[in-house]
**Student:** 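To start, I am sharing the structure in question, which I have written as structure tokens.
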Amino acid sequence: MILPIHAAIRARLHEILTTTFGLAPADLPAIALELPPKRAFGDVAVPVAFELAKRLKKAPRAIAQELVAALGPIAGVTRVDAAPNGYLNFFLDRATFLRARLEGTVAPLAPSDAGKVIVEHTAINPNKAAHIGHLRNAALGDTLVRLLRFQGRPVEVQNYIDDTGVQVADVVVGFREIEGKTLADVKQLADSTRFDYTCWDLYARVGEWYEADKANLAKRGEALHAIEEGGNETAEMGAFIADRIVRCHLKTMARLNVDYDLLTWEGDILRLKFWSTTFEDLKRRKAIFLQTEGKLAGCWVMTIEDDDAPVTPEGEDDPEQREKVIVRSNGVVTYIGKDIANQFWKFGLLGMDFRYRAFTEIDGRTLFATTSDASLAPAHVPPFGKASAVYNVIDTRQAYLQKLLKQALATMGFQNEAAHSTHFAYEMVALSHATARELGYTVDPDGKPFVEVSGRKGLGVKADDLIDRLTNTAQAEVAKRNPALSADESRATAEAIAVAAVRYFLVKFTRNKVIAFDIDEALSFEGETGPYLQYAVARAGNIFGKLREREGLDEAAVTAALATADLAAINTGEDGDELWGLVLEAGRLDDVVDQAVRSLELSVVAKFAFSLAQSFSAFYHRQPILKEERRDVRLWRAAAVAYVRRQLTQALDLMGCDVPARM
RNA sequence: GCGCCCGUAGCUCAGCUGGAUAGAGCGCCGGGCUUCGAACCCGUAGGUCGGAGGUUCGAAUCCUCCCGGGCGCACCA
């Protein structure tokens with residue numbers, strides 16, 4: 001980690017700027033720390049002199065020189081240069097840096113905020129199999145969770161289950177009206193087929209069925225009504241389908257190392273009257289009002305605040321376009337209302353709580369779900385909700401509604417909660433023309449540059465199909481390379497490789513880039529891919545495997561031996577510079593994680609890991625360890641490998657990827 | 001119409017709060033396995049950073065306008 005050194009440099013600069021330069025603490029410029037473009041320039045670059053030049057009316061170079069003169073010693077820093085252009089370049093104590101990290105004597109910085117964070121992600125409608133689009137949500141959400149935990153923050157992971165909407169109702173309609181099935185039939189089907197796949201196909205057929213005769217849509221209305229009413233077979237079937245599909249999703253997500261603490265069922269929000277309570281609060285605070293005229297007459301609506309809306313031209317203002325329906329004229333709340341109630345609950349502002357039940361056990365850990373049935377309450381339930389910050393991971397198409405959510409908090413007077421209510425938005429996953437064609441869809445080459453995934457049409461790459469394909473491809477390769485492995489071992493390795501391939505693929509893009517998913521590209525294990533990273537770690541591990549086997553040397557022994565090793569190998573020459581560059585790069589992980597969380601740009605972690613693996617691979621080829629005869633050189637190289645391996649393993653873990661010992 | 005996002009090498013994309021010579025992967029071409037695993041490494045070719053103005057000592061990065069593309073703007077969720 002590099003952040004403790006950054007903190008020390010920053011603290012010292014602050015001190016000098018207030019004392020020697022006489023700047024008021026409130027006046028201090030933000031001190032940015034950068035990585036110099038070339039190693040020879042130093043290890044940490046600070047452009048603060050540029051910032052000060054305007055204020056002090058002096059040349060950056062002169063300021064930089066004065067700063068250097070005033071700086072004095074800083075722990076971990078051996079030298080500071082004032083570059084001719086005005087940069088302040090810090091050189092670190094290489095050997096001390098590496099040794100301290102291998103010995104584990106560097107304390108990480110305390111988290112800036114210790115309060116609980118709720119991250120909600122995945123939230124797939126429980127009526128069909130998960131597809132590639134859902135995977136982007138889960139991969140980003142789970143990675144965010146891991147990054148926050150890495151920073152030392154307590155995180156609660158929630159998965160919102162919309163069991164009351166039209167989506168589940170549609171599948172019920174499909175089973176009952178198209179296939180004439182009873183609840184018993186559906187249960188039998190669930191036990192004898194891949195139920196999420198079965199529903200995937202059925203859901204698409206229901207769409208066609210509605211399309212064929214609009215009168216069929218009446219059946220949807222009836223099903224929705226029956227589900228809301230409860231106490232009938234339609235409702236039971238809906239509940240059964242949702243439960244089973246959620247279990248399918250959990251299994252799919254578990255394959256990808258994604259898990260949750262709590263499943264929030266929308267039905268419970270309704271049954272426990274969360275909405276009624278929120279409704280009264282919103283009315284009391286005048287956050288919503290009953291529209292009495294126009295086409296929204298009879299609806300409870302919320303005014304949409306548009307801060308940057310241009311002035312509406314004379315006479316063209318349509319007030320109803322500035323209003324969002326929260327409660328329909330028939331008295332039924334829209335999903336936004338339910339979301340508002342849920343968001344209030346997340347911050348502990350509702351004055352009510354769910355009841356909880358144990359939903360399932362995953363790896364010995366209980367996954368809880370909300371319930372409205374008190375009789376299911378287990379003895380020990382963790383304290384859910386009451387977070388100080390909330391991240392809702394949901395694609396950018398929902399930006400408008402997420403904005404309303406935040407606005408509702410602010411309007412109700414919860415400014416602080418509104419400020420800590422974050423929509424983690426990302427762009428959608430579509431299909432490349434080639435992949436859509438491969439799935440059997442006809443593509444207009446002059447149409448859109450990609451094909452949008454549609455659960456309603458059954459158009460998409462199912463998550464498990466993708467993982468299966470990746471696993472099979474990987475297993476063939478693993479078996480070829482490692483004939484001694486048993487089938488089980490090679491399968492397990494192949495699964496780890498498949499997971500890394502998918503997850504790396506989904507986080508390497510910046511979040512506001514549409515991914516035109518291409519199956520052939522995703523299936524590749526070469527170049528900038530998850531398996532490339534795993535391969536680098538596996539090779540690093542191999543070096544230590546051989547060191548132990550041949551000389552009984554392990555990481556601890558190497559670390560201990562560094563105390564008496566000559567420093568030339570890390571401090572001098574081209575090889576020393578490369579070795580140190582590798583170590584310094586590996587050390588940046590904490591900085592990278594900070595940056596990723598601040599900007600919600602998780603791709604920086606992926607890019608960092610890839611770049612580190614690249615540097616390692618080059619180092620690996622250029623600077624052999626086992627063959628190296630100079631003891632001190634060998635020790636420092638081995639130490640660098642140990643540290644890189646550790647950091648790269650950590651980075652992969654942050655992206656939810658395991659590292660197989662052999663692959 | 002209004003709002004958000006994207007436009008950088010043949011293709012897919014990086015480029016952090018403006019900063020030191022615009023990078024990577026794939027593809028192309030050419031090298032490197034008597035191995036610490038070639039799922040790798042090294043090298044060549046390839047870019048008016050969509051366009052035009054502006055701010056600045058300095059702009060792919062900030063501002064304005066324009067062009068091209070995507071997505072939102074339901075008494076659906």
Side-chain angles (χ1 to χ4, degrees), chain A residues 30 32 34-38 41 45 47 50 53-54 59-60 83-87 125 162 164-167 266 295-296 298-301 304 306 308-310 312-313 316 321 324-330 332 334-336 338-339 395-401 403 425 427-428 430 432 448-450 452 474 477-478 481-482 497 508-516 518 521 524-529 531-532 534-536 538-540 542-547 550 591-592 595-596 598-599 601 603-604 606-607 610-611 614 617-618 620-628 637-638 641 662-663:
Chain A
E34 299 170 359
L35 202 61
K38 280 169 80 172
F41 291 161
F50 299 104
K54 292 165 203 157
N85 60 7
Y87 263 105
N125 282 313
D162 176 8
T164 63
V166 293
Q167 317 248 6
E266 186 167 272
K295 57 185 175 196
L296 297 184
C299 297
W300 285 88
V301 300
I304 299 158
D306 226 340
D308 38 25
T312 328
E316 281 182 30
Q321 286 188 351
K324 185 73 197 167
V325 173
I326 308 297
V327 179
R328 304 182 182 99
S329 53
N330 65 4
V332 178
T334 64
Y335 95 109
I336 307 167
K338 289 175 273 191
D339 264 9
D395 83 66
T396 185
R397 286 173 291 191
Q398 308 264 16
Y400 177 61
L401 301 157
K403 194 179 161 193
E427 268 290 357
M428 64 173 166
S432 72
K448 292 185 183 180
F450 46 75
E452 195 165 350
E477 193 64 29
V478 171
R481 290 159 186 255
N482 305 279
I497 292 169
K508 78 172 175 178
F509 298 96
T510 51
R511 65 192 164 95
N512 41 20
K513 201 83 125 197
V514 174
I515 298 181
D518 189 84
E521 197 187 333
S524 164
F525 295 156
E526 287 168 15
E528 194 192 341
T529 64
Y532 174 91
Q534 293 174 309
Y535 187 63
R539 295 208 294 191
N542 251 6
I543 294 173
F544 273 90
K546 299 241 155 123
L547 273 177
R550 294 180 193 175
D591 190 21
V592 167
Q595 193 188 316
R598 265 201 317 274
S599 60
E601 197 51 84
S603 60
V604 300
K607 296 291 173 189
F610 175 64
S611 167
Q614 259 186 323
S617 294
Y620 176 93
H621 278 272
R622 252 191 305 257
Q623 302 200 37
I625 289 150
L626 297 181
K627 275 188 294 194
E628 176 57 53
R637 287 179 183 172
V641 171
R662 299 200 60 78
M663 59 186 282

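So that the names make sense, note that chain A is the first sequence line, chain B the second, and so on, each numbered from 1. Both backbone and side-chain heavy atoms feed into the values below; hydrogens, waters and symmetry mates do not.
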**Student:** Looking at B/A38, B/C13, B/G37, which one has an atom nearest to any side-chain atom of A/Ala538?
**Tutor:**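 Given the options B/A38, B/C13, B/G37, the side chain of A/Ala538 is closest to B/G37.
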**Student:** Could you give the distance separating B/G70 and B/A24 at their P atoms, to the nearest angstrom?
**Tutor:** 32 Å
**Student:** Side chain of A/Lys448 only, please: which of B/A39, B/G70, B/C73 is the nearest?
**Tutor:** B/G70
**Student:** At under 4.0 Å, does any side-chain N or O of A/Asn512 touch on OP1 or OP2 of B/C6?
**Tutor:**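 Yes, such a contact exists.
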**Student:** Students often get this wrong, so: under 4.0 angstrom with heavy atoms, is A/Leu35 touching a base, only sugar-phosphate, or nothing?
**Tutor:**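 It contacts nothing in the nucleic acid.
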**Student:** Given atom NZ of A/Lys607 and atom P of B/C13, what is their separation to the nearest angstrom?
**Tutor:**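 One finds 10 Å between P of B/C13 and NZ of A/Lys607, rounded.
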**Student:** Of the candidate nucleotides B/G25, B/G72, B/G70, which contains the atom at the shortest distance from the side chain of A/Glu528?
**Tutor:** B/G25
**Student:** Tell me whether the OP1 or OP2 atom of B/G7 has a side-chain N or O from A/Lys513 closer than 4.0 Å.
**Tutor:** yes
**Student:** Applying the 5.5 Å / 30° rule, does A/Tyr87 stack onto the base of B/A20?
**Tutor:**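 Stack criterion met.
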**Student:** Which nucleotide in the set B/G37, B/G70, B/C75 lies at the smallest distance from any side-chain heavy atom of A/Cys299?
**Tutor:**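 Output: B/C75.
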**Student:** How many whole angstroms separate atom CD1 of A/Ile515 from atom C1' of B/A14?
**Tutor:** 14 Å
**Student:** Looking across every strand, which nucleic acid part, if any, lies under 4.0 Å from A/Glu628 by heavy atom: base, sugar-phosphate, or nothing?
**Tutor:**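 A/Glu628: no heavy atom of the nucleic acid under 4.0 Å.
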**Student:** Whom does B/C11 pair with, Watson-Crick or G-U wobble, provided both distances fall under 3.5 Å?
**Tutor:** B/G25
**Student:** Rounding to an integer number of angstrom, what distance separates B/U17 and B/G25 when you compare their P atoms?
**Tutor:** 24 Å
**Student:** Tell me whether the side-chain N/O atoms of A/Asn85 come closer than 4.0 Å to OP1 or OP2 in B/A20.
**Tutor:** no
**Student:** Should B/C36 form a Watson-Crick or G-U wobble pair with both distances under 3.5 Å, which nucleotide is its partner?
**Tutor:**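 Its partner is none (no Watson-Crick or G-U wobble pair with both distances under 3.5 Å).
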**Student:** Write down the distance between OH (A/Tyr532) and C1' (B/C26), rounded to a whole number of angstrom.
**Tutor:** 14 Å
**Student:** Is A/Tyr535 stacked on the base of B/G37, with ring centres under 5.5 Å apart and planes under 30° apart?
**Tutor:**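 No; by the centre-distance and plane-angle rule, A/Tyr535 does not count as stacking on B/G37.
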**Student:** Only pairs with both distances under 3.5 Å count, Watson-Crick or wobble alike; so what is the partner of B/A45 in this structure?
**Tutor:** none
**Student:** Select base, sugar-phosphate, or nothing to describe what A/Phe525 touches, counting heavy atoms under 4.0 Å on all strands.
**Tutor:**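 Contact class for A/Phe525: base.
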**Student:** What is the base-pairing partner of B/C65, counting Watson-Crick and G-U wobble geometry with both distances under 3.5 Å?
**Tutor:**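 B/G51 - that is the nucleotide pairing with B/C65, both distances being under 3.5 Å.
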**Student:** Pick the P atom in B/C49 and in B/G10, then give their distance to the nearest Å.
**Tutor:**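 B/C49 and B/G10 have their P atoms separated by 13 Å.
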**Student:** Which nucleotide wins on minimum distance to the side chain of A/Tyr400, given the candidates B/A20, B/A77, B/G72?
**Tutor:** B/G72
**Student:** Is A/Arg481 close enough to B/A39 that one of its side-chain N or O atoms is under 4.0 Å from OP1 or OP2 there?
**Tutor:**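 Yes, because at least one side-chain N or O of A/Arg481 sits under 4.0 Å from OP1 or OP2 of B/A39.
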**Student:** How would you label the contact of A/Ala618 with the nucleic acid (heavy atoms, under 4.0 Å): base, sugar-phosphate, or nothing?
**Tutor:**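 A/Ala618: backbone/sugar contact only, no base atoms under 4.0 Å.
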**Student:** From C-beta outward on A/Phe50, which listed nucleotide comes closest to its side chain: B/G32, B/G70, B/G19?
**Tutor:**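 Closest nucleotide to the A/Phe50 side chain: B/G19.
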**Student:** What does B/C4 pair with, Watson-Crick or G-U, if both distances are under 3.5 Å?
**Tutor:**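 Paired with B/C4, as far as the under-3.5 Å criterion goes, is B/G70.
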**Student:** What's the closest nucleotide to the side chain of A/Leu296 if the choices are B/C75, B/G70, B/A77?
**Tutor:** B/C75
**Student:** Any side-chain N or O of A/Arg539 below 4.0 angstrom from OP1/OP2 of B/U35?
**Tutor:**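 A/Arg539 to B/U35 OP1/OP2: no side-chain N or O under 4.0 Å.
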**Student:** Can you tell me, in whole Å, how much space there is between the P of B/G3 and that of B/G18?
**Tutor:** 25 Å
**Student:** Contact class for A/Thr396 (heavy atom, under 4.0 Å): base, sugar-phosphate, or nothing?
**Tutor:**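 No contact.
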**Student:** The side chain of A/Phe450 is closest to which nucleotide in this list: B/A20, B/G70, B/A14?
**Tutor:**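 Selected nucleotide: B/G70.
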**Student:** Reckon A/Leu547 touches a base, only the sugar-phosphate, or nothing at all at heavy-atom distances under 4.0 Å?
**Tutor:**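 Nothing, no heavy atom under 4.0 Å.
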**Student:** With a non-hydrogen cut-off below 4.0 angstrom, is A/Phe544 in contact with a base, only sugar-phosphate, or nothing?
**Tutor:**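 A/Phe544: no heavy atom of the nucleic acid under 4.0 Å.
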**Student:** Between B/A14, B/C36, B/A39, spot the one nearest the side chain of A/Glu477, thanks.
**Tutor:** B/A39
**Student:** Distance between the C1' atoms of B/U8 and B/G69, in whole angstroms?
**Tutor:** 16 Å
**Student:** How would you label the contact of A/Ala53 with the nucleic acid (heavy atoms, under 4.0 Å): base, sugar-phosphate, or nothing?
**Tutor:**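 If one applies the 4.0 Å heavy-atom cut-off, A/Ala53 turns out to touch nothing in the nucleic acid.
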**Student:** Taking the side chain of A/Lys546 as its heavy atoms from C-beta onward, which of B/C36, B/A14, B/U21 lies nearest to it?
**Tutor:**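 Output: B/C36.
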**Student:** Ring-plane angle category for A/Tyr87 and A/Phe50, please: parallel below 30°, perpendicular beyond 60°, tilted otherwise.
**Tutor:**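 Aromatic pair A/Tyr87/A/Phe50 classed perpendicular.
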**Student:** Would you say the side chain of A/Met428 lies within less than 4.5 Å of the side chain of A/Phe450, judging by non-hydrogen atoms?
**Tutor:** yes
**Student:** Between B/G51 and B/C4, how far apart are the C1' atoms? Round to whole Å, please.
**Tutor:** 22 Å
**Student:** Distance between the P atoms of B/G1 and B/C66, in whole angstroms?
**Tutor:** 11 Å
**Student:** Using the P atom as the reference point in each nucleotide, state the distance between B/U21 and B/U64 in Å, no decimals.
**Tutor:**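 Approximately 29 Å lies between the P atom of B/U21 and that of B/U64.
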**Student:** Does a side-chain N or O of A/Gln614 approach OP1 or OP2 of B/G25 to a distance below 4.0 Å, or not?
**Tutor:** yes
